[in-house]
Amino acid sequence: MATSCLAGFALVLALSANLSAAFPQDYAGQELLDEVRQLLSLASTNVQQVHGHGNGDQSDVDESSTDDDHDIKPDRPRVVKNWPLTPLKIGQVSGVSVNSDLQPVIFHRGDHVWNEYSFNESHHYLQGSKGPIKEPTVLTLDPKDGKVLGQWGANLFYMPHGLTLDRHDNLWLTDVALHQVFKFRPGELQPSLTFGEAFQPGSSQRHLCKPTSVAVANTGEIFIADGYCNNRILKYNAAGGLLRVIPNPPEFLSLQVPHALALIESMDRLCVADRENMRVTCPRAGLYSVQGKREPALTIQQPDMGRVFGVAARGNLVYAVNGPTSPLLPVQGFTIDPQTESVVDHWAPEEGFGNPHALAICPNNSAMYVVEIGPNRVWKFDLVRPTN
Ligand code: ZN
């Protein structure tokens, strides 16, 4: 057995060398070469496994690597009871993120409510004369008991939506009434970057229309989901210069209300809560190279998924929440494996979700927060290893 494997190995090696000579530049040849390389690695794995038999240690290693690939269940969200300890005085909670001190930060609408009187058909905000929300809209909470540790953002926002903290604790906020996205450095009261024109919905490169969410890469690139009307994602460099629009024809990716974004940098994927398409789709982020830009998006869509409102990345997995879709579909959370384009777990608090709008995962991956609009509340979950 081992001998025939090694013979095959040698044959593939020889074939590979011949192909290299036959197709030095040719792309089709390159593809063939890649296949041969795959065969080679398969052949070498077989050789390893053959040698592993009769060797206890090696067999153990083989079993554990199989577990790593297929059998380990993802960590499950488990509600932290009595959190927050005392009720928060908040309006509709639309955004949540977690800072580098592992404190959750939420974005809420105070006494403003998004209803049928908020916008006209051309997406102009109709209640600007009421002025901005007068109370602080951004609250930093204590991860232990949910008490308010700090508050900010009074008299600035009209209809808060997304909140993202990057790894430097810069605050990225979207306001669907202003049609703008802001970057605030920690402790600063003036935005250091502003995208879009105040109260002016539009589809040009200068305008946004009800932008929903922001993701920021470690390399500094910025992704804005724009949003309820333009159904596009804009990618900028760290200084705010536009790099790319997703989708960019002939690239095919039809989005219907991209509502939240989650970057998986190790996979170079940007996962989108593609709300009205009832799916999560992960096009190439294009962070480290333009190669693979034309690869199709990884797409996760199942009949019970419903309208996906929130997504957050944890390792190579995505945790997501849906919202009310139909009386037949439970409002719940999903754990998604984009690599296999599959849902690997479902979860929800015992009491059930009402109208979850966003979720966020701690930088150290230990906890998750889900925020809801009506009833307005914040959930804390621990992420625990399943026992079975
Ligand atoms: Zn929303």
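Any value given below was found using the heavy atoms of this structure, including those in side chains, with hydrogens, waters and symmetry copies removed. Numbering of ligands and ligand atoms starts at 1, following listing order.
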Discussion item. Any donor-acceptor pair under 3.5 Å linking the side-chain atoms of S97 with those of T164?
Written reply: no

Worksheet item: Which is the closest N/O/S atom of H357 when seen from the Zn ion (ligand 1)?
Response: NE2

Worksheet entry | Contact flag Y228/the Zn ion (ligand 1), N/O/S atoms, threshold under 2.8 Å | yes

Item to complete: Tell me whether the centres of the aromatic rings in F184 and W152 are closer together than 6.0 Å.
Response: yes

Discussion item. For the Zn ion (ligand 1), give me the closest N/O/S atom belonging to H259, just the atom name.
Written reply: NE2

Discussion item. If we count only N and O atoms by modelled type, under 3.5 Å, do the side chains of D169 and S100 hold a donor and an acceptor together?
Written reply: yes

Discussion item. Using the ring centroid of each side chain, check whether H123 and H179 are separated by less than 6.0 Å.
Written reply: no

